[in-house]
Each structure stands twice: as structure tokens, then as C-alpha cells.
Amino acid sequence: MGFTQVLAVAPVRDIESAVAWYEQLLGRPADTRPMPGLADWHIAQSGWVQVFQSPEHAGATLLNLVVDDLDETLTDLATRGITPGEIQPGGQNVRFAAVHDPDGNRITLIENPVS
């Protein structure tokens with residue numbers, strides 16, 4: 001069995017307010033809006049973040065996004081109005097900090113290895 005893509009899906013209550021927040025987080029508009037209630041950002045060659053309107057599931061998702069420079073990323077997010085939690089150490093030269101979308105989905109930004 002082979003897989004060709006990974007789609008990380010964050011269910012949200014209101015698609016339009018969520019899209020606006022994820023545009024702030026990801027620094028650009030969605031790459032596609034393939035159907036009502038869905039927005040896609042292609043963040044890596046075979047990795048996408050999808051925001052999907054599903055009120056009954058909203059707020060229970062954990063997304064992990066790896067970044068090159070955590071300090072730079074957090075500074076950039078602050079200029080966009082997104083305030084992360086404290087930077088936490090992980091094992092083996094890893095650091096991370098989390099943000100939460102308006103529905104409570106947790107997006108953890110991970111720097112590995114620490115630069």
C-alpha cells in the first residue's frame with residue numbers, strides 16, 4: 001500500500017471566519033475552495049491543511065506543523081495578531097509552541113532540530 005498525500009483536516013463551526021483566521025496563520029489565502037464548506041492550503045509538496053465546516057467536530061483537532069525557525073515564526077505570527085503559548089522544550093533538540101484557532105483546534109509549531 002502506498003500513500004501519496006497527507007491531508008490534515010481541522011473541523012470548524014463557521015467556515016468563513018475560520019478561513020480568515022487560517023489565512024492569518026498561514027500568511028496567504030487558501031489555495032483552493034473546492035466545495036462549499038472547505039478550504040485547502042498546500043503547505044508542502046504532498047501535505048495540505050484543510051479547514052472543513054463540521055460544527056459537531058469543531059475544536060478537537062491537533063495539527064503539528066514543522067517550521068525552520070520557531071522564534072522567527074512566532075514573531076511573524078505576532079505581527080499578524082496570533083499569540084502563541086509558551087515555547088516548550090521537547091526531547092532531542094526540539095522546541096514547540098501552540099496556537100489555537102477560534103474553535104479551539106490546537107496547532108503546534110515545531111522546530112526540529114533547534115537551529
Side-chain angles (χ1 to χ4, degrees):
M1 176 181 342
F3 301 100
T4 60
Q5 295 179 337
V6 174
L7 308 174
V9 180
V12 298
R13 286 180 183 82
D14 177 71
I15 189 65
E16 295 311 321
S17 63
V19 165
W21 189 87
Y22 278 87
E23 286 176 347
Q24 293 295 90
L25 174 70
L26 299 171
R28 59 189 171 86
D31 293 307
T32 62
R33 299 287 302 266
M35 61 187 231
L38 180 66
D40 292 333
W41 285 264
H42 305 172
I43 63 167
Q45 184 174 344
S46 60
W48 300 6
V49 170
Q50 292 185 319
V51 176
F52 181 66
Q53 186 163 320
S54 180
E56 64 277 11
H57 298 108
T61 294
L62 304 171
L63 298 176
N64 293 335
L65 302 176
V66 177
V67 298
D68 292 328
D69 184 320
L70 185 59
D71 295 316
E72 181 180 303
T73 299
L74 298 181
T75 298
D76 187 32
L77 289 177
T79 67
R80 300 182 207 173
I82 296 176
T83 305
E86 295 285 322
I87 295 175
Q88 302 292 318
Q92 302 290 319
N93 299 322
V94 175
R95 298 186 316 151
F96 59 91
V99 298
H100 292 85
D101 74 12
D103 288 304
N105 294 307
R106 179 182 168 135
I107 299 92
T108 302
L109 306 165
I110 303 168
E111 179 185 67
N112 179 19
V114 173
S115 49

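We're numbering straight along the sequence, starting at 1.
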*Under the side-chain contact (heavy atoms from CB on, under 4.5 Å) test, which residues partner R13, sequence neighbours left out?*
P55, A58, D103

_Counterpart residues, side-chain contact (heavy atoms from CB on, under 4.5 Å), relative to S17 (two or more places apart)_ = D14

*Look only at the side chain of W41 and the backbone of Q50, and say whether a donor-acceptor pair between them is shorter than 3.5 Å.*
no

*For P34, side-chain contact (heavy atoms from CB on, under 4.5 Å) partners two or more places apart*: T32, L38, D40

*Scan for ring pair (Phe, Tyr, Trp, His ring centres under 6.0 Å) pairs involving residues 44-90, sequence neighbours excluded, and state none if there are none.*
H42-W48

*Non-neighbouring partners of R80 that pass side-chain contact (heavy atoms from CB on, under 4.5 Å), sequence neighbours left out*: Q24, D76, L77

*asked:* Are the side chains of T108 and L62 in contact, using a 4.5 Å heavy-atom criterion?
replied: no

*asked:* Is it true that, when you exclude E86 itself, more than 12 heavy atoms of the residues, nucleotides or ligands shown sit nearer than 6.0 Å to its CD?
replied: no

_Distance check, rounded to the nearest 0.5 Å: D69 atom CG versus T75 atom OG1?_
8.5 Å

*Taking all atoms of both residues into account, what is the closest heavy-atom pair of A30 and A39, and its distance?*
CB-CB, 3.9 Å

*Separation of Q88 CD from R95 CZ (nearest 0.5 Å)*: 11.0 Å

_Do V12 and N105 make a side-chain contact, defined as non-hydrogen atoms from C-beta onward lying under 4.5 Å apart?_
yes

_Side chain to side chain, R33 and V19, heavy atoms closer than 4.5 Å_ = yes

*asked:* Go through it in stages, so that I can follow the logic: the residues are T61 and V9, the test is side-chain contact (heavy atoms from CB on, under 4.5 Å), and I'd like the CA-CA distance, side-chain angles, deciding distance and then a yes or no.
replied: CA-CA 8 Å; T61 294; V9 180; over 6 Å; no

*Roughly how far, to the nearest 0.5 Å, is CG of L26 from CG of L65?*
7.0 Å

*Do you know the tightest heavy-atom contact between L70 and A97?*
CD2-N, 4.3 Å

*Which atom pair, heavy atoms only, marks the closest approach of V51 to I15?*
O-CD1, 3.5 Å

*Drop me the distance from D31's CG to I43's CD1, to the nearest 0.5 angstrom.*
10.0 Å

*Would you indicate whether E72, at its atom CD, is surrounded by more than 12 heavy atoms from other residues, nucleotides or ligands within a distance under 6.0 Å?*
no

*Who pairs with N64 by side chain to side chain donor-acceptor pair (under 3.5 Å), at least two apart in sequence or on another chain?*
none

_Non-hydrogen side-chain atoms of W21 and I82 separated by less than 4.5 Å_ = yes

*Apply side-chain contact (heavy atoms from CB on, under 4.5 Å) to the pair I87 and D71, showing each step before the final yes or no.*
CA-CA 9 Å; I87 295 175; D71 295 316; 3.6 Å; yes

